[in-house]
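These notes are about the structure you will find just below.
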Number of protein chains: 2
Amino acid sequence: MRELGSTQPTAVELEILRILWEMEPCPVRDIHARLSEAKGTNYSTTVKMLSVMLNKGLVTRNEKATPHLYRAAITRHKAAKKFLGELVEKVYDGSVMSLVLQALSSGKVSKDEIDEVRKLLDEMEGKQ
Amino acid sequence: MRELGSTQPTAVELEILRILWEMEPCPVRDIHARLSEAKGTNYSTTVKMLSVMLNKGLVTRNEKATPHLYRAAITRHKAAKKFLGELVEKVYDGSVMSLVLQALSSGKVSKDEIDEVRKLLDEMEGKQ
DNA sequence: TTGCGGTAGCGAAGCCTTTCGCTATACTCG
DNA sequence: CGAGTATAGCGAAAGGCTTCGCTACCGCAA
(Lines give C-alpha, C1' and ligand atoms only; values in the text may rest on other atoms or scores of the structure.)
Protein backbone atom coordinates (compact mmCIF):
# COMPACT_ATOMS: atom_id res chain seq x y z
CA MET A 1 0.00 0.00 0.00
CA ARG A 2 1.35 3.37 -1.00
CA GLU A 3 1.59 6.46 1.14
CA LEU A 4 -1.63 8.26 1.77
CA GLY A 5 -1.81 11.32 -0.40
CA SER A 6 1.02 10.41 -2.71
CA THR A 7 -1.43 10.67 -5.58
CA GLN A 8 -4.48 12.76 -6.34
CA PRO A 9 -7.75 10.89 -6.61
CA THR A 10 -8.85 10.41 -10.20
CA ALA A 11 -12.32 11.21 -11.48
CA VAL A 12 -13.99 7.93 -10.53
CA GLU A 13 -12.11 7.77 -7.27
CA LEU A 14 -13.43 11.17 -6.37
CA GLU A 15 -16.97 10.08 -7.14
CA ILE A 16 -16.55 7.19 -4.74
CA LEU A 17 -15.05 9.41 -2.07
CA ARG A 18 -18.01 11.76 -2.36
CA ILE A 19 -20.39 8.86 -1.79
CA LEU A 20 -18.38 7.74 1.23
CA TRP A 21 -18.29 11.23 2.72
CA GLU A 22 -22.04 11.13 2.65
CA MET A 23 -22.76 7.59 3.80
CA GLU A 24 -19.71 6.04 5.41
CA PRO A 25 -19.12 3.49 6.70
CA CYS A 26 -20.60 1.71 3.78
CA PRO A 27 -20.58 -1.75 2.15
CA VAL A 28 -19.66 -2.11 -1.53
CA ARG A 29 -23.28 -2.82 -2.30
CA ASP A 30 -24.45 0.63 -1.29
CA ILE A 31 -21.56 2.42 -2.92
CA HIS A 32 -22.29 0.58 -6.11
CA ALA A 33 -25.97 1.42 -5.98
CA ARG A 34 -25.13 5.12 -6.02
CA LEU A 35 -22.30 4.86 -8.50
CA SER A 36 -24.13 2.79 -11.09
CA GLU A 37 -27.04 5.17 -10.89
CA ALA A 38 -24.86 7.83 -12.46
CA LYS A 39 -22.53 5.71 -14.56
CA GLY A 40 -24.21 2.38 -15.24
CA THR A 41 -21.02 0.42 -14.60
CA ASN A 42 -20.76 -3.16 -13.46
CA TYR A 43 -20.66 -4.22 -9.81
CA SER A 44 -17.22 -5.76 -10.38
CA THR A 45 -15.93 -2.38 -11.42
CA THR A 46 -16.95 -0.81 -8.14
CA VAL A 47 -15.32 -3.61 -6.17
CA LYS A 48 -12.14 -3.25 -8.16
CA MET A 49 -12.03 0.51 -7.78
CA LEU A 50 -12.34 0.11 -4.02
CA SER A 51 -9.54 -2.42 -3.96
CA VAL A 52 -7.35 -0.06 -5.97
CA MET A 53 -8.23 2.82 -3.69
CA LEU A 54 -7.53 0.70 -0.62
CA ASN A 55 -4.14 -0.03 -2.09
CA LYS A 56 -3.51 3.65 -2.70
CA GLY A 57 -4.61 4.54 0.80
CA LEU A 58 -7.59 6.56 -0.34
CA VAL A 59 -10.08 4.41 1.59
CA THR A 60 -9.78 2.24 4.69
CA ARG A 61 -11.61 -0.57 6.43
CA ASN A 62 -11.31 -2.54 9.61
CA GLU A 63 -9.66 -5.70 8.25
CA LYS A 64 -10.45 -7.81 11.31
CA ALA A 65 -13.88 -6.74 12.38
CA THR A 66 -15.70 -5.38 9.34
CA PRO A 67 -13.68 -5.90 6.17
CA HIS A 68 -16.72 -5.21 4.05
CA LEU A 69 -17.30 -1.69 5.37
CA TYR A 70 -15.32 1.05 3.67
CA ARG A 71 -14.52 4.56 4.83
CA ALA A 72 -12.81 7.50 3.18
CA ALA A 73 -9.23 7.91 4.37
CA ILE A 74 -9.29 11.68 4.04
CA THR A 75 -12.04 14.07 5.06
CA ARG A 76 -13.91 16.08 2.51
CA HIS A 77 -12.36 19.16 4.01
CA LYS A 78 -8.81 17.95 3.54
CA ALA A 79 -9.43 16.74 0.02
CA ALA A 80 -11.01 20.05 -0.89
CA LYS A 81 -8.06 21.92 0.53
CA LYS A 82 -5.67 19.83 -1.49
CA PHE A 83 -7.56 20.30 -4.73
CA LEU A 84 -7.83 23.97 -4.08
CA GLY A 85 -4.13 24.31 -3.40
CA GLU A 86 -3.33 22.51 -6.59
CA LEU A 87 -5.69 24.63 -8.64
CA VAL A 88 -4.23 27.83 -7.24
CA GLU A 89 -0.74 26.60 -7.90
CA LYS A 90 -1.27 25.23 -11.38
CA VAL A 91 -3.72 27.66 -12.89
CA TYR A 92 -3.58 30.85 -10.86
CA ASP A 93 0.20 30.77 -10.36
CA GLY A 94 -0.13 30.68 -6.60
CA SER A 95 -2.43 33.66 -6.23
CA VAL A 96 -5.33 32.75 -3.96
CA MET A 97 -6.85 36.14 -4.59
CA SER A 98 -7.08 35.71 -8.34
CA LEU A 99 -9.05 32.58 -7.69
CA VAL A 100 -11.34 34.16 -5.12
CA LEU A 101 -12.08 37.14 -7.32
CA GLN A 102 -12.86 34.96 -10.28
CA ALA A 103 -15.00 32.63 -8.19
CA LEU A 104 -17.00 35.50 -6.77
CA SER A 105 -17.50 37.24 -10.07
CA SER A 106 -18.58 34.15 -11.92
CA GLY A 107 -20.96 32.61 -9.42
CA LYS A 108 -24.46 33.21 -8.22
CA VAL A 109 -24.09 34.35 -4.66
CA SER A 110 -26.83 35.39 -2.25
CA LYS A 111 -26.82 38.43 0.02
CA ASP A 112 -26.42 36.25 3.08
CA GLU A 113 -23.39 34.65 1.59
CA ILE A 114 -21.88 38.00 0.72
CA ASP A 115 -22.30 39.03 4.34
CA GLU A 116 -20.66 35.86 5.45
CA VAL A 117 -17.61 36.62 3.38
CA ARG A 118 -17.51 40.16 4.79
CA LYS A 119 -17.52 38.78 8.28
CA LEU A 120 -14.62 36.51 7.45
CA LEU A 121 -12.69 39.39 5.92
CA ASP A 122 -13.21 41.44 9.08
CA GLU A 123 -11.91 38.62 11.21
CA MET A 124 -8.87 38.19 9.02
CA GLU A 125 -8.10 41.87 9.20
CA GLY A 126 -8.41 41.84 12.96
CA LYS A 127 -5.79 39.17 13.24
CA GLN A 128 -3.21 40.95 11.13
CA MET B 1 -9.70 17.12 -34.75
CA ARG B 2 -12.12 17.00 -31.88
CA GLU B 3 -14.27 19.83 -30.55
CA LEU B 4 -12.46 22.42 -28.52
CA GLY B 5 -13.17 21.87 -24.88
CA SER B 6 -14.61 18.42 -25.18
CA THR B 7 -11.92 17.24 -22.81
CA GLN B 8 -10.04 18.72 -19.89
CA PRO B 9 -6.32 19.26 -20.38
CA THR B 10 -4.26 16.62 -18.60
CA ALA B 11 -1.32 17.39 -16.33
CA VAL B 12 1.34 17.67 -19.02
CA GLU B 13 -1.02 19.45 -21.35
CA LEU B 14 -1.64 22.05 -18.71
CA GLU B 15 2.07 22.56 -18.22
CA ILE B 16 2.42 23.22 -21.92
CA LEU B 17 -0.55 25.58 -21.94
CA ARG B 18 1.01 27.54 -19.09
CA ILE B 19 4.21 27.94 -21.06
CA LEU B 20 2.24 29.10 -24.11
CA TRP B 21 0.20 31.58 -22.09
CA GLU B 22 3.48 33.15 -21.12
CA MET B 23 5.40 33.06 -24.37
CA GLU B 24 3.11 32.43 -27.31
CA PRO B 25 3.46 32.26 -30.20
CA CYS B 26 6.25 29.86 -29.70
CA PRO B 27 8.23 27.21 -31.64
CA VAL B 28 8.52 23.68 -30.28
CA ARG B 29 12.13 24.36 -29.43
CA ASP B 30 11.32 27.01 -26.85
CA ILE B 31 8.44 25.08 -25.36
CA HIS B 32 10.69 22.11 -24.98
CA ALA B 33 13.42 24.15 -23.35
CA ARG B 34 11.04 25.15 -20.57
CA LEU B 35 9.35 21.80 -20.26
CA SER B 36 12.50 19.70 -20.07
CA GLU B 37 13.87 22.06 -17.47
CA ALA B 38 11.19 20.83 -15.10
CA LYS B 39 10.70 17.29 -16.35
CA GLY B 40 13.80 16.22 -18.24
CA THR B 41 11.79 14.58 -21.00
CA ASN B 42 12.90 14.03 -24.58
CA TYR B 43 12.38 16.56 -27.36
CA SER B 44 10.28 14.01 -29.25
CA THR B 45 7.90 13.88 -26.33
CA THR B 46 7.25 17.60 -26.49
CA VAL B 47 6.64 17.44 -30.23
CA LYS B 48 4.24 14.57 -29.78
CA MET B 49 2.35 16.25 -26.99
CA LEU B 50 1.86 19.29 -29.18
CA SER B 51 0.60 17.16 -32.02
CA VAL B 52 -1.83 15.45 -29.67
CA MET B 53 -2.96 18.79 -28.29
CA LEU B 54 -3.36 20.18 -31.80
CA ASN B 55 -5.56 17.22 -32.57
CA LYS B 56 -7.62 17.83 -29.44
CA GLY B 57 -7.96 21.49 -30.26
CA LEU B 58 -6.04 22.66 -27.20
CA VAL B 59 -3.43 24.50 -29.28
CA THR B 60 -3.48 26.07 -32.72
CA ARG B 61 -1.06 27.21 -35.40
CA ASN B 62 -1.22 28.90 -38.75
CA GLU B 63 -0.86 25.86 -41.02
CA LYS B 64 -0.01 27.89 -44.11
CA ALA B 65 2.18 30.69 -42.86
CA THR B 66 3.88 29.54 -39.67
CA PRO B 67 3.22 25.86 -39.00
CA HIS B 68 6.02 25.75 -36.46
CA LEU B 69 4.57 28.40 -34.17
CA TYR B 70 2.07 27.19 -31.62
CA ARG B 71 -0.50 29.12 -29.61
CA ALA B 72 -2.90 28.14 -26.85
CA ALA B 73 -6.44 27.69 -28.14
CA ILE B 74 -8.01 28.88 -24.91
CA THR B 75 -7.04 31.83 -22.78
CA ARG B 76 -5.70 31.36 -19.31
CA HIS B 77 -8.82 33.06 -18.05
CA LYS B 78 -11.19 30.64 -19.74
CA ALA B 79 -9.23 27.60 -18.67
CA ALA B 80 -9.16 28.85 -15.11
CA LYS B 81 -12.90 29.38 -15.15
CA LYS B 82 -13.45 25.88 -16.39
CA PHE B 83 -11.22 24.29 -13.78
CA LEU B 84 -12.85 26.38 -11.11
CA GLY B 85 -16.32 25.36 -12.19
CA GLU B 86 -15.33 21.75 -12.12
CA LEU B 87 -13.77 22.01 -8.70
CA VAL B 88 -16.84 23.69 -7.29
CA GLU B 89 -19.07 21.08 -8.83
CA LYS B 90 -17.08 18.01 -7.91
CA VAL B 91 -15.69 18.87 -4.51
CA TYR B 92 -17.81 21.64 -3.08
CA ASP B 93 -21.10 20.28 -4.38
CA GLY B 94 -21.78 23.37 -6.43
CA SER B 95 -21.34 25.88 -3.64
CA VAL B 96 -19.08 28.67 -4.82
CA MET B 97 -19.20 30.17 -1.37
CA SER B 98 -17.80 27.10 0.36
CA LEU B 99 -14.85 27.33 -1.95
CA VAL B 100 -14.35 31.05 -1.48
CA LEU B 101 -14.51 30.76 2.29
CA GLN B 102 -12.04 27.94 2.35
CA ALA B 103 -9.71 29.72 -0.06
CA LEU B 104 -9.76 32.88 2.00
CA SER B 105 -9.24 31.15 5.31
CA SER B 106 -6.39 29.00 4.10
CA GLY B 107 -4.34 31.52 2.18
CA LYS B 108 -2.06 34.40 2.98
CA VAL B 109 -3.91 37.47 1.89
CA SER B 110 -2.80 41.07 2.18
CA LYS B 111 -4.88 44.00 3.43
CA ASP B 112 -5.03 45.47 -0.05
CA GLU B 113 -6.37 42.25 -1.37
CA ILE B 114 -8.99 42.07 1.36
CA ASP B 115 -10.14 45.55 0.38
CA GLU B 116 -10.29 44.49 -3.20
CA VAL B 117 -12.63 41.66 -2.33
CA ARG B 118 -14.80 44.05 -0.28
CA LYS B 119 -15.11 46.33 -3.25
CA LEU B 120 -16.21 43.47 -5.41
CA LEU B 121 -18.76 42.38 -2.82
CA ASP B 122 -20.19 45.92 -2.71
CA GLU B 123 -20.52 45.96 -6.48
CA MET B 124 -22.25 42.63 -6.50
CA GLU B 125 -24.70 43.75 -3.85
CA GLY B 126 -25.45 46.89 -5.79
CA LYS B 127 -26.50 44.91 -8.79
CA GLN B 128 -28.92 42.65 -6.96
C1' DT C 1 -25.99 -31.17 3.61
C1' DT C 2 -26.89 -29.10 -0.76
C1' DG C 3 -28.30 -25.52 -3.66
C1' DC C 4 -29.05 -20.61 -4.30
C1' DG C 5 -28.96 -15.46 -4.06
C1' DG C 6 -26.18 -11.97 -2.59
C1' DT C 7 -21.44 -10.30 -1.92
C1' DA C 8 -16.33 -9.79 -2.58
C1' DG C 9 -11.94 -10.45 -5.17
C1' DC C 10 -8.51 -11.31 -8.93
C1' DG C 11 -6.47 -11.19 -13.34
C1' DA C 12 -6.66 -9.66 -17.84
C1' DA C 13 -8.45 -6.66 -21.52
C1' DG C 14 -9.27 -1.99 -23.37
C1' DC C 15 -8.46 2.65 -23.55
C1' DC C 16 -6.04 6.96 -22.91
C1' DT C 17 -1.83 9.51 -21.77
C1' DT C 18 2.98 9.92 -22.03
C1' DT C 19 7.35 8.55 -23.70
C1' DC C 20 10.83 7.86 -27.15
C1' DG C 21 13.37 5.66 -31.40
C1' DC C 22 13.74 6.33 -35.93
C1' DT C 23 12.89 8.94 -40.07
C1' DA C 24 12.26 13.16 -42.75
C1' DT C 25 12.90 17.86 -43.67
C1' DA C 26 15.18 22.53 -43.33
C1' DC C 27 18.96 25.29 -42.47
C1' DT C 28 23.97 26.68 -42.29
C1' DC C 29 28.60 26.91 -43.47
C1' DG C 30 32.64 25.32 -45.81
C1' DC D 1 26.55 21.54 -53.89
C1' DG D 2 27.15 18.42 -49.58
C1' DA D 3 27.98 17.36 -44.74
C1' DG D 4 26.50 18.21 -40.49
C1' DT D 5 23.32 20.19 -37.21
C1' DA D 6 18.75 21.69 -35.69
C1' DT D 7 13.93 20.97 -36.04
C1' DA D 8 9.58 18.42 -36.83
C1' DG D 9 6.77 14.22 -37.24
C1' DC D 10 5.11 9.37 -36.91
C1' DG D 11 4.25 4.91 -35.09
C1' DA D 12 4.84 1.91 -31.50
C1' DA D 13 5.91 0.92 -26.65
C1' DA D 14 5.18 1.76 -21.73
C1' DG D 15 2.36 2.83 -18.00
C1' DG D 16 -1.86 4.04 -15.55
C1' DC D 17 -6.96 4.02 -15.05
C1' DT D 18 -11.25 1.77 -15.74
C1' DT D 19 -13.88 -2.02 -17.03
C1' DC D 20 -15.56 -6.63 -16.67
C1' DG D 21 -15.64 -12.01 -16.79
C1' DC D 22 -14.99 -15.56 -13.99
C1' DT D 23 -14.16 -17.51 -9.49
C1' DA D 24 -14.68 -17.79 -4.45
C1' DC D 25 -17.15 -17.11 -0.35
C1' DC D 26 -21.04 -16.67 2.94
C1' DG D 27 -25.54 -17.30 4.97
C1' DC D 28 -29.95 -19.18 4.62
C1' DA D 29 -33.75 -22.30 3.29
C1' DA D 30 -35.30 -26.76 1.65
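So that the names make sense, note that chain A is the first sequence line, chain B the second, and so on, each numbered from 1.
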Integer-rounded Å distance: [N] [atom2] and [X] [atom1]:
| X | N | atom1 | atom2 | answer |
| --- | --- | --- | --- | --- |
| B:I16 | C:dT17 | CD1 | P | 13 Å |
| B:M53 | C:dT17 | CE | C1' | 12 Å |
| B:L50 | C:dT19 | CG | C1' | 14 Å |
| A:N55 | D:dC17 | CG | C1' | 14 Å |
| B:L14 | C:dT18 | CG | P | 11 Å |
| A:Q8 | D:dC17 | CD | P | 12 Å |
| A:N42 | C:dG14 | CG | C1' | 15 Å |
| B:H32 | C:dC20 | NE2 | P | 9 Å |

Listing time: all N or O pairs from protein to nucleotides 5-12 of chain C that are below 3.5 Å?
| residue | atom | partner | partner atom | Å |
| --- | --- | --- | --- | --- |
| C:dT7 | OP2 | A:R29 | NE | 2.2 |
| C:dA8 | OP2 | A:Y43 | OH | 2.7 |
| C:dG9 | OP1 | A:R61 | NH1 | 2.9 |
| C:dG9 | OP1 | A:R61 | NH2 | 3.3 |
| C:dG9 | OP2 | A:Y70 | OH | 3.2 |
| C:dG9 | O6 | A:S44 | OG | 3.4 |
| C:dG11 | N7 | A:K48 | NZ | 3.2 |

Ion pair [X]/[Y], N-O distance below 4.0 Å:
| X | Y | result |
| --- | --- | --- |
| B:K56 | B:E13 | yes |
| B:R61 | B:E24 | no |
| B:E15 | B:R34 | no |
| B:E22 | B:R76 | no |
| A:K119 | A:D122 | no |

Are B:V28 and B:Y70 side-chain neighbours, meaning at least one heavy-atom pair lies under 4.5 Å?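 Yes. Closest side-chain heavy atoms under 4.5 Å.
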Under 4.0 Å: is that the gap between some side-chain N or O of B:T45 and OP1 or OP2 of C:dC20?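 Indeed, a polar side-chain atom of B:T45 lies that close.
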So, OP1 or OP2 of D:dG16: does either fall under 4.0 Å of a side-chain N or O from A:K56?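 No.
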B:L20 and B:C26: CA distance, side-chain angles, deciding distance, side chain to side chain contact (heavy atoms under 4.5 Å, CB included) verdict: CA-CA 7 Å; B:L20 285 176; B:C26 198; 3.9 Å; yes
Candidate nucleotides D:dG21, D:dT18, C:dT18, ranked by approach to the side chain of B:V12 - the nearest: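 Selected nucleotide (nearest to the side chain): C:dT18.
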State which of C:dT18, D:dC17, D:dG21 makes the closest approach to the side chain of A:T10.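 In terms of side-chain proximity for A:T10, the closest of C:dT18, D:dC17, D:dG21 is D:dC17.
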